[in-house]
Amino acid sequence: MYCRDCGEKLSLRFLENEGLVPYCAKCLKFKFPLFPVAVSMTVVNRAEDKILLARHVGEKDYKLFAGYVKKGETPEKTIPRELKEETGLNAVKWRYFASRFHDEHDVLMLNYIVTVNENETTLNDELESVRWCTREEAPSLMQDNSTALYFLNAALPELGKKR
């Protein structure tokens with residue numbers, strides 16, 4: 001590990017209440033690890049009885065929609081941007097639901113339940129297809145033990161509840 005500011009090799013030092021943390025002897029500072037943040041979107045219709053799933057080019061399983069939060073952007077700005085880029089749909093409203101660290105991509109995933117109007121979608125070049133599914137059907141189309149399935153299964157009992 002090297003310092004992201006000066007390039008010096010980092011060593012591990014004990015920091016009270018934190019444990020071993022990378023430290024730069026040149027900058028004289030602890031350098032906590034950085035990792036990207038992304039939004040995961042459980043996209044639903046207004047009645048919250050249908051879920052929109054995406055299948056990426058070359059993949060067989062469907063997933064939730066997701067996108068990286070760009071530098072200087074908030075998750076709340078990422079949601080409508082990513083959804084519009086990938087499907088042409090406008091996010092009507094959204095609510096934060098859950099988070100999970102996704103080891104495969106070394107990213108913190110923030111899941112939101114996102115409401116859209118059921119309009120025709122226009123796909124970008126990342127997606128092969130999108131599909132409106134019932135609450136019962138959606139999990140069977142997704143990869144077992146995936147972060148997307150984890151978020152979907154956790155969100156299902158929340159869908160359709162009065163707020």
task = Kindly check if the number of other-residue, nucleotide or ligand heavy atoms within 6.0 Å of NZ (Lys31) is above 12?
result = yes
query = Hey, is CG on Asn145 packed in by over 12 heavy atoms from elsewhere, all under 6.0 Å?
reply = no
Are the side chains of [X] and [Y] in touch, meaning some heavy atoms are under 4.5 Å apart?
X	Y	value
Arg13	Phe30	yes
Val57	Glu126	no
Leu89	Leu52	yes
Glu82	Phe65	no
Val43	Leu64	no
Thr74	Val69	no

request  = Determine, for Tyr150 and Arg100, whether the Lys NZ or Arg CZ falls below 6.0 Å from the six-membered ring centre while staying within 45 degrees of the axis.
outcome  = yes
inquiry  = Does Thr134 form a side-chain contact (heavy atoms from CB on, under 4.5 Å) with Lys50? I'd like the steps, not just the answer.
reply    = CA-CA 5 Å; Thr134 65; Lys50 291 184 185 174; 5.7 Å; no
inquiry  = Closer than 3.5 angstrom, by distance alone: can the side chain of Asn111 be matched with the main-chain N or O of Ala98 as a donor-acceptor pair?
reply    = no
query = Residues in side chain to side chain donor-acceptor pair (under 3.5 Å) with Arg135, at least two apart?
reply = none
ask   = Can Asn124 and Glu86 be counted as having a side-chain donor-acceptor contact under 3.5 angstrom?
value =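 No, because no side-chain N or O of Asn124 sits under 3.5 Å from a partner of the opposite role on Glu86.
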Pair Arg81 + Glu73: basic N to acidic O under 4.0 Å =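 Salt bridge present between Arg81 and Glu73.
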ask   = Is a salt bridge present between Lys63 and Glu128, judged by a nitrogen-to-oxygen distance below 4.0 Å?
value =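 Answer for the salt bridge query: no.
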query = Given Thr147, which of His105, His102, Glu104 fulfils the side-chain hydrogen bond (donor to acceptor under 3.5 Å, both in side chains) condition?
reply = His102
task = Before giving the answer on side-chain contact (heavy atoms from CB on, under 4.5 Å), spell out for Trp132 and Ile51 the whole-Å C-alpha distance, their side-chain angles and the decisive distance to 0.1 Å.
result = CA-CA 5 Å; Trp132 282 106; Ile51 299 155; 5.7 Å; no
key: side-chain contact (heavy atoms from CB on, under 4.5 Å) assessment of Glu48 paired with Thr115   = CA-CA 8 Å; Glu48 296 189 359; Thr115 303; 4.1 Å; yes
ask   = So Ser129 and Tyr62, side-chain hydrogen bond (donor to acceptor under 3.5 Å, both in side chains) or not? Walk me through it.
value = CA-CA 9 Å; Ser129 69; Tyr62 281 82; 2.9 Å; yes
Ring-ring centroid check Tyr96 Tyr112, cutoff 6.0 Å = yes
request  = Determine, step by step, whether Phe32 and Val21 satisfy the side-chain contact (heavy atoms from CB on, under 4.5 Å) criterion, reporting the C-alpha distance in whole Å, the side-chain angles of both residues, the deciding distance to 0.1 Å, and the verdict.
outcome  = CA-CA 7 Å; Phe32 287 87; Val21 177; 4.0 Å; yes
